[in-house]
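The block underneath contains the structure these notes are about, expressed in structure tokens.
Proteins come first, then strands; the chains are lettered A, B, ... in the order of their sequence lines, and each starts at number 1. Worth knowing before you read on, the calculation uses all heavy atoms, side chains too, and leaves out hydrogens, waters and symmetry mates.
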Amino acid sequence: MTFYERVYEFVREVPPGHVVTYGQVALHLGAPAAARAVGYALSSLRPGNDVPWWRVINAQGGISLKNRGPQADLQRELLENEGVSFNGEGRTDLSVFRWWPRE
DNA sequence: GAGATGACGGGCT
DNA sequence: AAGCCCGCCATCT
């Protein structure tokens, strides 16, 4: 089980209409400060996988792909499609949409 | 093995 | 609020 796989596994558990942050994923994997590595793992995702990568956002509740490419618009579209709303600053309300795994 | 990189986060100015 | 800087971790060159 590699680090990547663990990231994917967790992300796959996030239900539609909810989101998690990079740091949150890292925390869940037992590496509180590995947020960057989480992003690195997702960057290696390719179309065709079954990982809902768009449900992973940054700690500010926004999309980190702002100017990284067309995927940013796609991500926002997919989330709004699931019921996740964005404010005027292009950010979601984490206190409402953030998801935590069951205990 | 050393240095650089990146879908990050938190703290300080 | 907006920048800038530093620390973190897994990978790549």
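- Residue A:Ser64 has a polar side-chain atom (N or O) positioned under 4.0 Å from OP1 or OP2 of B:dC8.
- Residue contacts for A:Ala34: at a heavy-atom cut-off of 4.0 Å it reaches the sugar-phosphate backbone alone, with no base atom in range.
- Of the listed nucleotides (B:dA7, B:dG6, B:dG9), B:dA7 has the atom at the smallest distance from the side chain of A:Trp53.
- The nearest heavy atom of DNA chain B to A:Pro32 and to A:Ala37 marks one nucleotide each, and the one closer to the 5' end goes with A:Ala37.
- For the pair A:Arg36 and A:Tyr22, the cation-pi criterion (under 6.0 Å, within 45° of the ring axis) is not fulfilled.
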Show the numbers, then the answer: is there a side-chain contact (heavy atoms from CB on, under 4.5 Å) between A:Arg76 and A:Ile63?
CA-CA 8 Å; A:Arg76 173 164 178 165; A:Ile63 296 174; 3.7 Å; yes
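- No hydrogens or angles considered: a donor-acceptor pair under 3.5 Å links the side chains of A:Trp54 and A:Glu82.
- If you check every strand for non-hydrogen atoms under 4.0 Å, A:Ala31 touches nothing.
- Within residues 74-91 of chain A, the residues approaching DNA chain C are A:Glu89, by heavy-atom distance under 4.0 Å.
- Taking only side-chain atoms of A:Ala59, from C-beta outward, the nucleotide of B:dC8, B:dG10, B:dA7 with the closest atom is B:dG10.
- Chain A approaches DNA chain C over the interval C:dA1 to C:dC12, counting the first and last nucleotide 5' to 3' with an atom under 4.0 Å from its heavy atoms.
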Write down the protein N/O and nucleotide N/O pairs, taken from nucleotides 1-3 of chain B, whose separation is under 3.5 Å; answer none if there are no such pairs.
none

